[in-house]
Amino acid sequence: AVVRSTLARISGRKRRESRNRGGAREDSMPWVSAFKTQLKTVLVYLNPKRLGGSAALPLLESLLGVLRLPCQPDGASVGREGRLTVDGLIPGSPASKCGDVLVAVDDVEVSSENIEQVLASVLGPTQVRLTLATSTNPGGASGPGCPAMASVPVVPPVRPLPGEDACRPRPVGGGGVPHAVMYLSLQMDAKSPRDEEEILYQYPASEAAARLKGARGIFMTLCDMLDSVTGGRVVSTLLLPDKHLVHVGYWKEGDALLVVGLPAEVPLPCLQTLVGDAVRTLRVMYGSLAAFGRTEHTPQLDRFFRLFFLRLMRPSDSPLAPPTDNCRSIFLDGLPALRWLLIANHLPQEDLLDACLYMRHHDPPPPAASRRSVGQTLVWREVFLQRSRPGRHFLLIVALTAALLRLETLEEAVEERLSAAAAPRLFCADWFPQALSAGAESVLFHYVLVETVRGIFIAPTPTEEAQLGGSIPPSLIGNFYRCCLSIRALFKENTPEQERPRGASRVKEHGVLFQHVPENGTSSRKAAPTLTYWVIRLLPEPVPQEVYVCFHDSVPPAPVETAFRLSFGLVT
Amino acid sequence: MTQALKHGSIIVADWHRCKDSKEYFSKILHKKKRKIFGLLESPVMPPHVPVDTVHYKVFLSGKSGVGKSALAAHLAGLKVPSTHYETTGIETTVVYWPAKLKESGRVLFFRFQLWDCGENALRRFDHLLPSCKEKVDAVLFLFSFTDRTSFDDLANQITKWNESSGSPVVTMVVGTKFDLFMHCDLSEKDVRGFQETWQLPVFRMGCGEDDDRLDVTAPLFNSLAESLWLQDCIIAGQQV
Amino acid sequence: MMFQEGSIQLVCLTASSGVPLFTRGASRQLPFSIIGSLNGVHMFGSGQGVTLSSCETEGGGRVVWRVFQDSVMLIAVNASQQAGQGVESSGQGVESSKGERLHLQRLLENVWNCMVMVLGQDELVNAKNLERLKRDLRSCFSLVDELLEERRPGILGHLTHCADCLLPPQPVPLQEAVQSFAKAADSEFGCLLIHGRVAAATEMWWRLAPQEIVLLSAVMRALSDSGAASCDYPVFLPQGSPTVAHRLLRFQLLPGADVCVLCGPTPSLHGAESTLVGRFWSPLVDNLRDCLAIGERCLPSSVTLRPDVLALLLINRENHRSVSCMPAPSCAYPQRDPPSPSEARCWELLKRFYIFCMTRYFKQEEAEGTTEEEGGTHQGNTEDFVNGFSHQPLKCYVITDECKSFALQTPQHQLFLLTPLTAPTFALNTIAAQTLSSIIAATGF
């Protein structure tokens with residue numbers, strides 16, 4: 001219903017406006033161009049005074065709600081420079097759909113150069129007439145339901161980060177750190193071996209990746225050979241290009257190999273999961289990894305992997321967001337949970353996982369993202385779910401101020417789902433019995449319960465942290481996360497019951513005690529006491545759950561057990 | 001080295017089979033297996049039966065792989081290693097052997113220290129051979145029944161040794177791996193021919209596990225003890 | 001599948017030309033083409049400026065490469081565990097510690113040190129006559145096989161790179177005897193081993209690199225096992241003097257008690273044996289027998305351990321020494337319910353736990369004089385994952401359905417402990433702390 005209401009709002013406004021003007025009139029002035037175009041005129045009511053604080057954005061955006069991608073100088077749009085193409089929409093925008101070209105404002109012809117000036121001259125609340133040209137594809141219906149993905153002018157799923165040039169990606173994580181992704185064909189055409197023929201796809205084309213690209217022969221050979229040598233398919237490799245340690249993950253499919261190289265800062269226990277998740281998302285997007293071979297997907301794949309690397313190799317000098325945000329983002333990014341909270345879900349587990357992975361892979365990493373940019377996303381594409389069912393499936397993502405995820409099949413009707421108005425809050429610690437968090441000293445630091453894509457994460461709220469006077473250092477959360485990775489990797493080695501060979505043992509509990517000795521600053525204040533805390537995970541019986549608890553060393557065992565027992569009731 | 005010594009003329013032959021030897025042999029056995037003595041230990045007889053121990057140094061010489069280390073282990077009652085590993089330095093093995101002098105009926109413990117060094121190591125480090133030869137009392141030249149070249153090389157070895165050695169030394173020849181009939185490379189005639197030419201006794205040793213080791217080692221030890229005792233007596237100017 | 005599951009195959013080749021020098025390990029050896037490919041992959045990488053370090057396959061299979069002194073390439077291959085499910089071969093259950101990356105890396109380093117120890121660096125680096133080198137390398141095989149097979153499960157030095165020690169009840173007279181014996185033998189390096197573990201040693205001996213001490217102990221153990229009464233072995237010290245040989249003189253004082261000295265050209269073996277051994281060591285026979293009586297427990301009776309300690313490994317981080325023991329073998333106690341793991345399995349679990357902790361949480365100490373830049377090893381021995389922690393892990397524990405394991409680290413020590421399942425989890429911390437203080441207080445380790 002949201003979509004409908006949004007559309008209704010837009011069309012309603014048009015109707016209103018046309019009523020205002022006393023009847024819409026569509027001047028169809030044939031343009032001399034390759035496509036047949038239609039001109040339409042729209043009157044909008046603009047109020048520059050209502051802009052408020054969003055002065056940083058170009059007026060085009062804030063007034064008209066029109067998003068523009070930076071133009072591509074080497075793009076195919078020769079002869080179209082200067083034209084204002086409506087690339088993206090903000091809800092409530094008067095443009096009817098993407099792809100429209102804004103031709104004139106108040107009958108003054110506009111182009112990318114002078115649009116700002118023109119709009120700036122709109123001083124007071126007034127009506128403005130916009131002339132938009134819509135190009136229609138001959139013989140093709142536009143709008144949802146169109147089978148061919150390529151012809152639907154979808155909004156790129158991600159709004160480009162402000163101030164960035166999407167076509168010239170900035171090197172990720174510092175210029176020298178080697179990282180790369182390559183899709184290699186293992187089938188060699190012996191007749192005419194061209195140079196680099198086996199590379200079906202590679203990213204990035206930077207100095208950092210050049211070494212790894214040159215060494216691709218290693219990956220292909222290992223993939224071929226190791227099966228017969230050790231009896232297992234190759235999973236990861238440790239390399240040192242130029243004294244940097246790099247972990248390379250493999251994924252073999254058919255007679256092609258996907259290779260992902262990440263610097264050693266990305267912990268090795270993550271590697272296989274990351275690659276697996278990326279492959280799954282790519283399959284969701286394209287149906288199979290064969291999409292690598294098709295050149296038309298290359299820009300999208302480039303963007304996909306650019307975000308992938310950005311997210312994993314956060315530049316170390318990025319300013320940290322306020323502690324709680326950082327907590328949330330580090331944590332929920334790492335374990336496969338949503339970056340936002342899952343309010344309600346009616347999807348089966350597998351589909352939910354597919355959708356969530358898709359969202360995660362297309363979400364820009366925390367330092368650059370802001371709630372505003374998220375709210376401008378509109379995605380509509382065909383997807384290929386893990387669970388194959390008859391019929392075709394499409395993913396529609398509409399982001400308002402909060403995220404919204406929907407999956408639609410052709411047969412089913414569009415359902416209504418509304419999001420909460422306010423930003424969702426974390427569960428408060430006072431949901432727990434007082435015994436856990438009572439007392440002047442907070443001893444329960446963090447509590448994480450994870451299921452496939454959802455979980456519970458409990459952390460002290462900013463007010464509580466302030467009360468404790470900084471005895472919980474911000475680095476705690478980073479450590480907690482890293483420790484959870486290690487613990488999780490250990491538990492992952494537990495093979496399922498029926499496959500377990502005789503004599504193998506199962507891990508049932510694992511915990512680590514950390515010590516933090518705060519460094520004394522130049523101030524002569526009494527040094528903060530040494531902090532020692534445990535991170536523990538249990539495997540409760542009979543239902544195995546993934547629960548991590550971080551608490552101060554002084555806590556006796558009974559409350560800790562209670563904390564674990566609570567996990568039974570919390571996940572529905 | 002022309003010792004035309006009749007076996008058993010000085011030392012009671014096969015004494016280990018006699019009843020009166022039991023109390024002595026029990027000191028070097030532990031539950032039917034040979035006892036291992038460290039350098040600080042030796043077989044101890046009760047106070048009313050004082051027994052002297054005489055020390056002798058015996059060098060094992062032979063090509064690589066012929067079975068020197070195996071022979072030393074065999075003679076000492078140790079476990080013979082199943083895989084062949086080269087000896088990269090000098091390894092000595094101590095064996096105690098009680099023997100009864102025929103003439104006086106006196107019982108002595110002969111302490112044979114068998115010196116064994118790998119051929120490769122001897123070649124690479126030239127301090128090893130002089131160390132082996134230092135104050136040596138006897139030398140055993142080894143060949144293997146399964147390797148003809150080692151047999152042919154004996155003449156070479158013996159000649160080289162005689163050239164460079166100073167004091168007189170008891171010499172014996174031992175052929176190893178005698179029980180590997182299938183791979184035997186030599187004939188009885190060859191061996192007898194050698195014995196006549198060089199006037200040296202040739203002992204045949206197998207390499208398998210034996211039930212009663214004493215039977216196997218006795219002839220060699222007794223013969224060795226005899227020769228050494230005789231040599232000592234000659235040196236001391238004493239007539240037996 | 002090329003070879004037995006659970007076993008490691010070791011391949012040695014020349015770095016420049018890829019000529020195979022030897023292969024040790026499993027019964028069925030890898031065919032030459034595979035060896036060539038493994039080497040070729042690495043050489044190709046280094047031609048591109050990328051050093052291939054290790055590779056992991058499903059089910060725990062692993063391949064580790066390392067080039068030493070730009071001359072010799074060693075490759076260790078471990079078969080995947082999932083091939084042949086449910087089959088336990090050669091007594092190795094699945095989840096053996098041998099296949100772990102840390103273990104394989106240490107193994108390669110040990111094998112190289114062993115090659116240098118026996119042959120000297122000159123012969124290995126830029127070898128001209130490969131046929132001679134191959135023949136000479138056969139001398140290393142007994143040590144290499146020992147390193148691969150780990151015939152003595154209670155000895156962990158080759159893994160921890162800390163010398164295995166035995167703490168005698170009366171250390172002072174033994175120490176003095178070793179010191180004066182070494183001096184009389186024109187040497188500063190002397191050491192007494194009881195049951196294959198160092199009971200006393202001269203100060204200079206402890207100044208040798210830990211890897212050297214560990215290997216020398218291994219040589220001594222091999223000689224001791226063969227039953228030899230005395231030995232004169234030429235050895236090269238891989239870190240201390242890789243090109244000039246020393247003589248390792250070893251004397252078996254009593255079965256299980258050996259003393260050794262590292263000498264120059266004097267004294268001769270015969271001379272030392274006849275004049276020095278009896279003189280210095282006969283007065284200490286009783287003391288030696290007391291030490292031997294301690295047996296595999298490695299700790300004097302003044303150390304009382306709690307009965308619920310199954311196995312322990314204590315490492316002194318400063319001087320790179322370790323004590324590993326099973327204080328009460330399971331046969332001594334009535335059957336617990338659930339049953340404790342067998343002795344061999346306990347050692348295996350302890351090794352795995354050690355590798356786990358060192359790979360994830362605990363920093364490894366840098367031994368002096370062992371920083372190597374060749375082979376592209378990353379700085380220090382600490383794993384990257386460990387370095388990523390901003391706070392220092394102090395203790396950790398793992399509970400499986402076989403046993404409970406606990407590890408703690410202080411600036412001076414590391415303690416790894418196994419307890420049976422009957423020990424309560426909340427008491428693990430106390431058990432470990434008490435064990436540590438008990439040993440340190442009684443022996444000053």
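All heavy atoms count here, side chains included; hydrogens, waters and symmetry mates do not. In the text below, chain A, chain B and the rest are named by the order of the sequence lines, each starting its count at 1.
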Would C:V50 and A:L240 satisfy side chain to side chain contact (heavy atoms under 4.5 Å, CB included), going step by step from the backbone distance to the final call?
-> CA-CA 5 Å; C:V50 171; A:L240 288 106; over 6 Å; no
At what distance, to the nearest 0.5 angstrom, does [atom1] of [X] lie from [atom2] of [Y]?
X: A:L239; Y: C:Q48; atom1: CG; atom2: CD; result: 12.0 Å
X: A:L245; Y: C:S53; atom1: CG; atom2: OG; result: 7.0 Å
X: A:L226; Y: C:E58; atom1: CG; atom2: CD; result: 11.5 Å
X: A:Y250; Y: C:C55; atom1: OH; atom2: SG; result: 5.0 Å
X: C:K404; Y: A:K508; atom1: NZ; atom2: NZ; result: 8.0 Å
X: C:F44; Y: A:T221; atom1: CZ; atom2: OG1; result: 7.0 Å

Side chain from CB out, backbone as N, CA, C, O: work out which of these in [X] comes under 4.5 Å of a heavy atom of chain A, or both, or neither.
X: C:T425; answer: side chain
X: C:F426; answer: side chain
X: C:V64; answer: neither

Looking at side-chain heavy atoms only, is the closest gap between C:E56 and A:L238 below 4.5 Å?
->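 The answer is no, as the side chains (C-beta and beyond) never meet within the 4.5 Å cut-off.
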Residue pair A:M225 / C:L38, side-chain heavy-atom distance below 4.5 Å =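 Answer yes - side chains close enough.
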Passes side chain to side chain contact (heavy atoms under 4.5 Å, CB included), A:I218 versus C:L52? Steps please.
-> CA-CA 8 Å; A:I218 296 181; C:L52 185 58; 4.0 Å; yes
May I have the step-by-step check of side chain to side chain contact (heavy atoms under 4.5 Å, CB included) for C:I399 and A:V507, ending in yes or no?
-> CA-CA 6 Å; C:I399 297 181; A:V507 179; over 6 Å; no
Stepwise ring-ring contact (aromatic ring centres under 6.0 Å, His included) check, A:H510 with C:Y361 = CA-CA 13 Å; A:H510 176 40; C:Y361 304 119; 5.8 Å; yes
Take A:E509 and C:T400 through the side chain to side chain contact (heavy atoms under 4.5 Å, CB included) test and state the conclusion after the steps.
-> CA-CA 7 Å; A:E509 187 176 334; C:T400 67; over 6 Å; no
